[in-house]
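Computed over heavy atoms, backbone and side chain alike; hydrogens, waters and symmetry mates excluded. Start at 1 and go down the list; that is how both ligands and their atoms are numbered.
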Amino acid sequence: MIGPLNHVGVAVPDIREAIAFYRDILGATDITEPEPLPPQGVSFAFVNLPSGQIELIEPYGESSPILKFLERNPRGGQHHVCFEVADIHVAKALMEDRGMRVLNEPRIGAHGTLVIFLHPGDSGGVLIELMETAKAGH
Ligand SMILES: CC[C@H](C(=O)O)C(=O)SCCNC(=O)CCNC(=O)[C@H](O)C(C)(C)COP(=O)(O)OP(=O)(O)OC[C@H]1O[C@@H](n2cnc3c(N)ncnc32)[C@H](O)[C@@H]1OP(=O)(O)O
Ligand SMILES: [Co+2]
């Protein structure tokens with residue numbers, strides 16, 4: 001069912017500081033401007049790489065889903081991995097059939113496509129995001 005690894009999500013306390021690190025220390029040359037995504041409670045920026053993306057996410061608003069993560073990890077940290085799927089509704093039904101706790105109804109993510117999240121307690125301690133892409137072909 002899962003297709004390509006689309007991105008690795010990295011939660012950060014300060015997205016502009018994180019962008020400066022990837023640009024000035026690691027030499028990344030293709031980084032997008034931070035963009036708020038209020039319905040998802042984050043601001044995000046992409047570090048675009050030949051093999052995929054690092055998705056930098058900073059809390060947006062009082063009820064951001066990453067606030068507690070950053071309380072536990074004040075300097076930030078690896079937050080989630082995102083796999084592509086061909087049909088998010090089929091994927092959601094399959095995950096539920098297989099006993100996974102799906103954390104949300106499909107909703108628009110940072111790539112402008114539908115995403116769901118699986119509870120990390122069911123997936124070996126890794127927060128998994130599934131993202132619908134027509135090209136996933138799976
Ligand atoms: C959608 C826009 C963008 C995109 O790509 O399009 C993004 O990816 S934005 C990403 C931010 N949004 C989300 O993460 C939405 C889904 N996440 C959630 O609903 C919560 O973060 C949740 C439920 C996974 C955890 O919430 P919270 O930390 O507030 O709850 P707890 O403290 O009770 O944690 C429960 C349990 O999970 C462990 N945990 C929490 N976060 C992570 C994580 N990132 N990776 C692994 N494990 C995580 C936490 O330690 C607790 O474990 P326990 O053993 O029960 O103590
Ligand atoms: Co993501």
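- The structure places CE of Met100 at 7.0 Å from CE of Met95, a figure rounded to the nearest 0.5 Å.
- Among the atoms of His80, an N, O or S atom falls under 2.8 Å from the Co ion (ligand 2).
- Within the coordination shell of the Co ion (ligand 2), defined by N, O or S atoms under 2.8 Å, His7 is present.
- The nearest N/O/S atom of Glu55 to the Co ion (ligand 2) is OE1.
- Remark: the backbone N or O of Gly121 is paired with a side-chain donor or acceptor of His119 at under 3.5 angstrom.
- Taken to the nearest 0.5 Å, the CG atom of Leu114 stands 10.5 Å off from the CE atom of Met131.
- A heavy-atom separation below 4.0 Å is not found between Phe44 and ligand 1.
- Side-chain N or O atoms of Glu105 include none that pairs as donor or acceptor with a backbone N or O of Arg107 at under 3.5 Å.
- Contact record, Val12 with Ala18: CG1-CB, 3.7 Å, taken as the closest heavy-atom pair.
- Distance check: Ile15 CD1 to Ser43 OG gives 6.0 Å after rounding to the nearest 0.5 Å.
- Heavy atoms from other residues, nucleotides or ligands lying under 6.0 Å from OH of Tyr60 number 12 at most.
- Between Glu129 and ligand 1, an N or O atom pair is found at a separation short of 3.5 Å.
- Of the protein's non-hydrogen atoms, the one nearest atom 37 (O) of ligand 1 is Pro120 CG, 3.6 Å.
- On a distance-only criterion, His111 and ligand 1 share no N/O pair closer than 3.5 Å.
- For Leu103, no nitrogen or oxygen atom sits less than 3.5 Å from a nitrogen or oxygen atom of ligand 1, counting backbone and side chain alike.
- Comment: Glu58 does not engage Arg16 in a salt bridge, judged by the lack of any side-chain N to carboxylate O separation of less than 4.0 angstrom.
- Distances from the Co ion (ligand 2) to each N, O or S atom of Glu129 single out OE1 as the nearest.
- Below 3.5 Å of separation, one finds an N or O of Ala110 facing an N or O of ligand 1.
- Which parts of ligand 1 touch Phe69 is read off a 4.0 Å heavy-atom cut-off, strictly below it: atoms 44 (N).
- Given atom 11 (C) of ligand 1, the protein heavy atom at minimum distance is Ile66 CG2, 3.7 Å.
- Put simply, atom 46 (C) of ligand 1 has protein non-hydrogen atoms near it, under 4.0 Å away.
- Of the protein's non-hydrogen atoms, Arg72 NH2, 3.1 Å is the one closest to atom 28 (O) of ligand 1.
- Counting protein heavy atoms only, atom 2 (C) of ligand 1 is closest to Leu37 CD2, 3.7 Å.
- Residue contact annotation: Gly121 has no non-hydrogen atom under 4.0 Å from ligand 1.
- Among all protein heavy atoms, the one lying closest to atom 33 (O) of ligand 1 is Lys68 NZ, 3.8 Å.
- Counting heavy atoms under 4.0 Å from ligand 1, residue Ile57 touches it through the side chain alone.
- At a distance under 4.0 Å, no protein heavy atom can be found next to atom 54 (O) of ligand 1.
- Considering only non-hydrogen protein atoms, atom 16 (C) of ligand 1 sits nearest to Phe117 CG, 3.6 Å.
- Of the listed residues (Glu55, Gln53, Glu84), just one forms a side-chain hydrogen bond (donor to acceptor under 3.5 Å, both in side chains) with His7, and that residue is Glu55.
- Remark: side-chain polar atoms of Asn104 are paired, donor with acceptor, to backbone N or O of Val115 under 3.5 angstrom.
- Atom 51 (C) of ligand 1 lies below 4.0 Å from none of the non-hydrogen atoms of the protein.
- From the protein, the heavy atom lying nearest to atom 25 (C) of ligand 1 is Pro65 O, 5.0 Å.
- With hydrogens and angles disregarded, no donor-acceptor distance shorter than 3.5 Å links the side chain of Ser64 to the backbone of Pro59.
- To the nearest 0.5 angstrom, Glu129 atom CD is 10.5 Å from Phe83 atom CZ.
- With rounding to the nearest 0.5 Å, the separation of NZ in Lys68 from CD1 in Ile66 is 14.0 Å.
- The nearest heavy-atom contact from the protein to atom 9 (S) of ligand 1 is Val42 CG2, 4.1 Å.
- Checking His79, Gln40, His7, Glu55 against atom 7 (C) of ligand 1, the nearest heavy atom belongs to Glu55.
- For Asn73 (side chain) and Gly76 (main-chain N/O), no donor-acceptor pair under 3.5 Å exists by modelled atom type.
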